[in-house]
Amino acid sequence: MSTSSPHRYPQEQVDAVYRVIGERRDMRHFLPDPVAPALLERLLQAAHQGPSVGFMQPWRFIRIRSDALRQQIHALVEQERIATARALDQREDEFMRLKVEGIRECGELLVAALMDRREAHVFGRRTLPQMDLASLSCALQNMWLAARAEGLGMGWVSLFDPAALAPLLHLPQGAEPVAVLCLGHVPAFYDKPMLEQEQWAPRQCLQDLVFEDRWPAQGASQA
Ligand SMILES: Cc1cc2nc3c(=O)[nH]c(=O)nc-3n(C[C@H](O)[C@H](O)[C@H](O)COP(=O)(O)O)c2cc1C
């Protein structure tokens with residue numbers, strides 16, 4: 001009996017999928033080169049092919065063309081970066097040394113937002129309304145992977161107050177910005193997550209995160 005699926009892609013294509021998953025990085029260092037319009041379109045199409053709860057497609061993308069607006073978004077993020085550092089207390093200085101965005105340098109800046117009137121979409125969200133955000137995140141992961149395969153970096157920035165960003169972009173009541181996306185050419189991709197390189201946090205061991213039948217009892221060894 002064969003264990004391989006008849007629907008499996010050829011080996012080199014399977015390898016490419018795992019390669020892009022392994023080599024995707026959250027990027028904060030960018031070159032100023034522009035992103036070709038056809039490439040941007042492909043990345044947005046990749047996002048738009050993401051799965052979504054009840055096929056609601058809650059994602060909306062706003063391309064930031066105005067330089068003044070880009071500076072305003074950067075200022076909002078800087079404000080939140082400082083507030084986050086203060087909230088981190090003992091790790092304040094260490095956090096302030098991290099590079100957490102590339103808003104002013106990247107070739108393209110986008111804001112991803114959840115659409116308004118989401119309450120009409122009950123399918124799969126009656127008990128888990130946050131599935132709209134999960135769906136938008138799937139779209140962004142598609143874009144992140146496609147960008148890496150195209151040789152472009154993407155950085156997801158969530159250090160901002162959505163209530164302050166929404167009016168800057170004229171979002172309607174009920175819509176919510178959830179990601180500032182820095183997209184563009186990069187000098188090089190980090191070998192590992194930058195937060196791991198900078199010793200902010202290590203990657204956890206998968207074995208410690210996968211359980212069988214039940215959540216392990218507190219203090220139980222998982223050997
Ligand atoms: C929902 C979400 C929000 C994030 N927000 C930020 C952010 O505001 N600033 C930042 O530097 N990185 C942000 N990141 C990137 C993470 O720091 C990064 O994914 C993590 O360190 C692992 O690195 P890797 O993506 O290169 O594997 C965010 C990632 C996700 C998924």
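Start at 1 and go down the list; that is how both ligands and their atoms are numbered.
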For ligand 1, which atoms, with element, lie under 4.0 Å from some heavy atom of Val157?
-> 7 (C), 8 (O)

Note: Lys192, heavy atoms under 4.0 Å from ligand 1, region reported as neither

Closest non-hydrogen protein atom to atom 23 (O) of ligand 1, residue and atom name please, with distance?
-> Pro193 CB, 3.2 Å

More than 12 foreign heavy atoms under 6.0 Å from CZ of Arg19: is that the case here?
-> no

Atom 19 (O) of ligand 1 sits nearest the protein heavy atom Asp26 CB, 4.0 Å

Are a donor atom and an acceptor atom from the side chains of Glu41 and Gln45 found within less than 3.5 Å of each other?
-> yes

Do Ser137 and Gln141 have side-chain N/O donor and acceptor atoms under 3.5 Å apart?
-> no

Does the separation of the ring centres of His48 and Phe61 fall below 6.0 angstrom?
-> no

Enclosure of Gln13 CD (heavy-atom neighbours >12, cutoff 6.0 Å) = yes

Evaluation steps, side-chain contact (heavy atoms from CB on, under 4.5 Å), between Ser158 and Val178 = CA-CA 7 Å; Ser158 56; Val178 295; over 6 Å; no

Looking at ligand 1, does any of its N/O atoms fall within less than 3.5 Å of an N/O of Arg28?
-> yes

Between Phe160, Trp156, Trp144, which one has a non-hydrogen atom sitting closest to atom 1 (C) of ligand 1?
-> Trp156

Any idea which protein heavy atom is nearest atom 11 (O) of ligand 1, and the distance to it?
-> Val100 O, 3.0 Å

Would you say Ser158 has any N or O atom under 3.5 Å from an N or O of ligand 1, going by distance alone?
-> yes

Which atoms from ligand 1 have a heavy atom of Arg25 less than 4.0 Å away?
-> 24 (P), 26 (O), 27 (O)

Check ligand 1 against Leu195 and write out every atom of the ligand that is under 4.0 Å from a heavy-atom position of the residue.
-> 17 (O), 21 (O)

Which of the ligand 1 atoms, numbered from 1, are nearer than 4.0 Å to a heavy atom of Leu159 = 8 (O)

Mark yes or no for whether Trp144, through its side chain, and Arg24, through its backbone, hold a donor-acceptor pair below 3.5 Å.
-> no

Non-hydrogen atoms of Arg24 versus ligand 1: any pair closer than 4.0 Å?
-> yes

Stepwise, does the side-chain contact (heavy atoms from CB on, under 4.5 Å) test hold for Leu76 with Asp161?
-> CA-CA 7 Å; Leu76 279 186; Asp161 176 0; 5.9 Å; no

